[in-house]
Amino acid sequence: MPVQLFNTRTLKKEIFEPSEDGNARIYTCGPTVYAAAHIGNLRSNLFADLLVRTLLHRGYSVTHVINVTDVGHLTDDADAGEDKMERAAVETGRTAMEIAEQYTQLWLDDRERLGCRLPDVLCRATEHIPEQIALVERLVERGFTYQIPDGVYFDTTKFPGYADFARLDLAGQASGARIADVEGKRHAADFALWKFAEEGVQRQQEWGSPWGRGFPGWHVECSAMSIQYLGETFDLHTGGVDHIKVHHTNEIAQSECAYGMRPWVRFWLHNEFVNLAGEKMAKSEGNVAVLQDLVRQGYPALVYRYFFLQAHYRQQQSFTRDAMDAAKTGYDRLVRAAAEVRDAGGEVREDAIEPLRVRFAESLADDLNAPRAVAVAWEVARGSELLPAERWELLREFDQVLRLDLANATPAGEGAENDPRVEALVAEREEARRTRDFATADRIRDELAAEGIVVKDTPNGPRWSRT
RNA sequence: GGCGCCGUGGCCAAGUGGUAAGGCACGGGACUGCAAAUCCCUGAUCCCCGGUUCGAAUCCGGGCGGCGCCUCCA
């Protein structure tokens, strides 16, 4: 079964194959690093990682590029409002660079904890200013732009297919008239390619250009950097659904007009939102949760990954306490089951494992249906018809994609904690049990429980852990 | 207001024409001195109404409800 992916450009599931030499070239819209990424943002990272790992699992190679937006992303509409980086700098009394560095690192740490593969290229907008200027120059030369006191703008009416990608109703939108006005802008959909720094205002982030001192518009970076690293046309571009109407529409306009390639990108994939309390998670809604919060509340990062894998990426996902508790328990049990057969030797019957292997692969091939793939993993972990070595063979293979760390994760409560005092009490209790002095045994267990230590009697002797 | 998506057992969530995956919780059982852990078993006809069809959760129409986009946003 070939890989099929839902393409936003065509609104259909289409068979995907890399356009050259079995190498898939993928661009992922990364974070704007003025604040910590919340778990909704992180869903996009997990989604892109699922895509990459699925393609690798199929035997393709991958060139994955992710950008970091560290300049030019404005707070209001595409062309008005403040630059998010500059504002964060003013608010905290630090430099935009410091802030960008801090949150880029935090984001990378989160990705690592979530098991997201490192991209082949991680590119920062501020480190690609010349490339962005060059792209704007191409557009200026080809007559797609106009200049006004605010900056250099892309004239969307010069690109006939502008509304096609997102099926925009430009007339309807224009009459909606909630767009903040930029003096001299010709059409509501036109957007800034290069914004001029205000007269007399020294921005932290500004550069010289053929048109004057300023900074690049938000969309330019993605076109410039993706083309630089992946070529004038490439295979896949991912991001959140919110990017379809403006950001990706504008990227397409710029890129196709500058280089004349149509389609510029063959497959556009978009993930849906994580909802908290019935609403999308967004900083402007004030309902964000970050990975650190989850970890602090007792949900390890990979529990969130497992949570993510249980829903399809194109479906909004409800983030609730109950759902996280369920994910935590489920993840722990899967790890426990994997640990039981970890590195098990013995017979492996190909005819027994092949059907499961196929079902797992086909689930993923069907537009990355991770929930179904996870269900297959459960069948392997719990189903009764497989031998230990067979289970392990499949689980380790599946984990190349799921990345739940089934090869190393320790079941909860079985950490290698050392505490001589507790050990002594546990041993004392075990001795009491041996002599059937259950009153003493239970007293010791209660005492330990009082300090948050749970003792469990297993066939292999007592185990204890802190709750 | 316009466009789009969604509404599946207590919760999360697959399934998009042939009689409902999976996880969690609940209940029952096995095991245990007890407990925990573990394992096994058990539950839904798919928001409502009407239609198409031999047959619909799955298609069409109409309701009701939720969400998203239309403005920065994963």
Side-chain angles (χ1 to χ4, degrees), chain A residues 11 28-32 37-48 73-82 84 166-173 175-176 178-180 188 218 238-247 270-275 278-285 288 306-307 309-334 336-337 340 359 363 366 369-379 382 384 411-414 433 436-439 441-442 445-446 449 454-459 462-465:
Chain A
L11 256 32
T28 294
C29 277
T32 300
H38 57 67
I39 58 173
N41 298 324
L42 261 18
R43 187 184 194 194
S44 290
N45 288 264
L46 288 165
F47 155 59
H73 199 156
L74 307 184
T75 53
D76 296 335
D77 83 18
D79 310 309
E82 306 167 78
K84 291 182 177 186
R167 287 105 191 142
L168 299 176
D169 171 10
L170 293 177
Q173 271 183 230
S175 64
R178 271 205 294 158
I179 290 124
W218 173 39
T238 75
V241 287
D242 53 315
H243 280 331
I244 297 170
K245 299 241 166 124
V246 176
H247 187 49
H270 296 94
N271 65 281
E272 258 295 351
F273 286 121
V274 172
N275 288 174
E279 292 182 318
K280 72 164 179 172
M281 191 171 295
K283 295 186 186 88
S284 55
E285 306 283 339
V288 302
Y306 179 79
F307 170 80
L309 291 170
Q310 284 189 301
H312 187 93
Y313 77 90
R314 282 196 292 118
Q315 221 55 47
Q316 290 179 15
Q317 186 171 22
S318 297
F319 179 83
T320 63
R321 182 94 195 181
D322 285 350
M324 281 306 288
D325 283 341
K328 182 181 181 181
T329 305
Y331 175 63
D332 189 52
R333 286 188 183 154
L334 193 58
R336 206 175 284 272
E340 297 261 323
R359 281 172 52 212
S363 297
D366 183 10
N369 195 321
R372 243 161 59 201
V374 170
V376 176
W378 272 107
E379 211 171 307
R382 260 182 195 166
S384 54
E414 292 186 14
R433 290 183 70 220
R436 304 193 69 79
D437 177 4
F438 298 123
D442 289 348
R445 186 167 64 189
D446 290 345
V454 177
V455 182
K456 302 171 186 171
D457 301 318
T458 77
R463 295 268 179 80
W464 63 275
S465 62

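All values below were derived from every heavy atom in this structure, side-chain atoms included, with hydrogens, water molecules and symmetry-related copies excluded.
Candidate nucleotides B:A25, B:C34, B:A74 were compared by shortest atom distance to the side chain of A:Asp457, and B:C34 ranks first. Which of B:A74, B:C24, B:C72 sits closest to the side chain of A:Asn271 comes down to B:A74. Comparing B:A25, B:G33, B:A74 by their closest approach to the side chain of A:Arg436 singles out B:G33. Side chain of A:Thr32, nearest nucleotide from B:A74, B:A35, B:C72: B:A74.
In summary, the side chains of A:Ser44 and A:Asn271 do present a donor paired with an acceptor at a separation below 3.5 Å, with no hydrogens or angles considered.
A salt bridge is absent between A:Arg43 and A:Glu272; no separation between the charged side-chain nitrogens and carboxylate oxygens falls under 4.0 Å. Remark: A:Asp332 does not engage A:Lys328 in a salt bridge, criterion side-chain N to carboxylate O under 4.0 Å. Using a cut-off of 4.0 Å between Lys/Arg side-chain N and Asp/Glu carboxylate O, A:Asp242 and A:Lys280 are scored as not salt-bridged.
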If you restrict it to nitrogen or oxygen atoms, what contacts under 3.5 Å exist between nucleotides 28-30 of chain B and the protein, and what is each distance?
none

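Between A:Arg321 and B:C24 there is no side-chain N or O to OP1 or OP2 distance below 4.0 Å. Checking the phosphate oxygens (OP1, OP2) of B:C69, a side-chain nitrogen or oxygen of A:Lys280 falls inside 4.0 Å. Considering only side-chain N and O atoms, A:Arg167 lies nowhere under 4.0 angstrom from the phosphate OP1 or OP2 of B:C3. Distances shown here put every side-chain N or O of A:Arg333 at or beyond 4.0 Å from the OP1 or OP2 atom of B:A37.
For A:Lys245 and B:C72, the NZ to P distance is 13 Å, given to the nearest whole Å. At whole-Å resolution of the value, CD in A:Glu279 and P in B:A74 are 17 Å apart. One interatomic measurement links the two molecules: CZ of A:Arg336 to C1' of B:A37, which rounds to 6 Å at whole-angstrom precision. The CD-P distance, from A:Glu379 to B:C39, rounds to 15 Å in whole Å. If you take CG of A:Asp325 and P of B:C26, they are 11 Å apart, rounded to a whole angstrom. When the C1' atom of B:G33 is taken as reference, atom CZ of A:Arg433 falls 8 Å away, rounded to whole Å. In this structure, CD of A:Glu272 is placed 10 Å from P of B:C6, rounded to the nearest angstrom. Atom CG of A:Asn41 and atom P of B:C72 are 16 Å apart (whole Å).
A distance of 12.5 Å separates NZ in A:Lys456 from CH2 in A:Trp464, rounded to the nearest 0.5 Å.
Pair check for B:G22 finds B:C12; Watson-Crick or G-U wobble, both atom distances under 3.5 Å. Base pairing of B:G68: its partner is B:C3, meeting the Watson-Crick or G-U wobble criterion (both donor-acceptor distances under 3.5 Å). In this entry B:C59 has B:G51 as its Watson-Crick or G-U wobble partner, both defining distances falling under 3.5 Å. Across all strands shown, B:G33 has no partner, as no Watson-Crick or G-U wobble contact with both distances under 3.5 Å is found. Nucleotide B:G27: paired with B:C41 (Watson-Crick or G-U wobble, both distances less than 3.5 Å).
Applying the 3.5 Å distance criterion, the base of B:C39 shares no donor-acceptor pair with the side chain of A:Arg382. No N or O donor and acceptor, one from the side chain of A:Arg463 and one from the base of B:A37, sit under 3.5 Å apart. One N or O donor and one acceptor, one from the side chain of A:Asp442 and one from the base of B:G33, sit under 3.5 Å apart.
Note on ring orientation: taking the six-membered ring where Trp is involved, the planes of A:Tyr313 and A:Phe47 are parallel (angle under 30°, cut-offs 30° and 60°).
Under the 3.5 Å distance criterion, the side-chain polar atoms of A:Arg433 are left unmatched by any main-chain donor or acceptor of A:Phe438.
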Nucleic acid footprint by protein, nucleotides 12-19 of chain B - heavy-atom cut-off 4.0 Å, B for base, S for sugar-phosphate alone: SSSS----

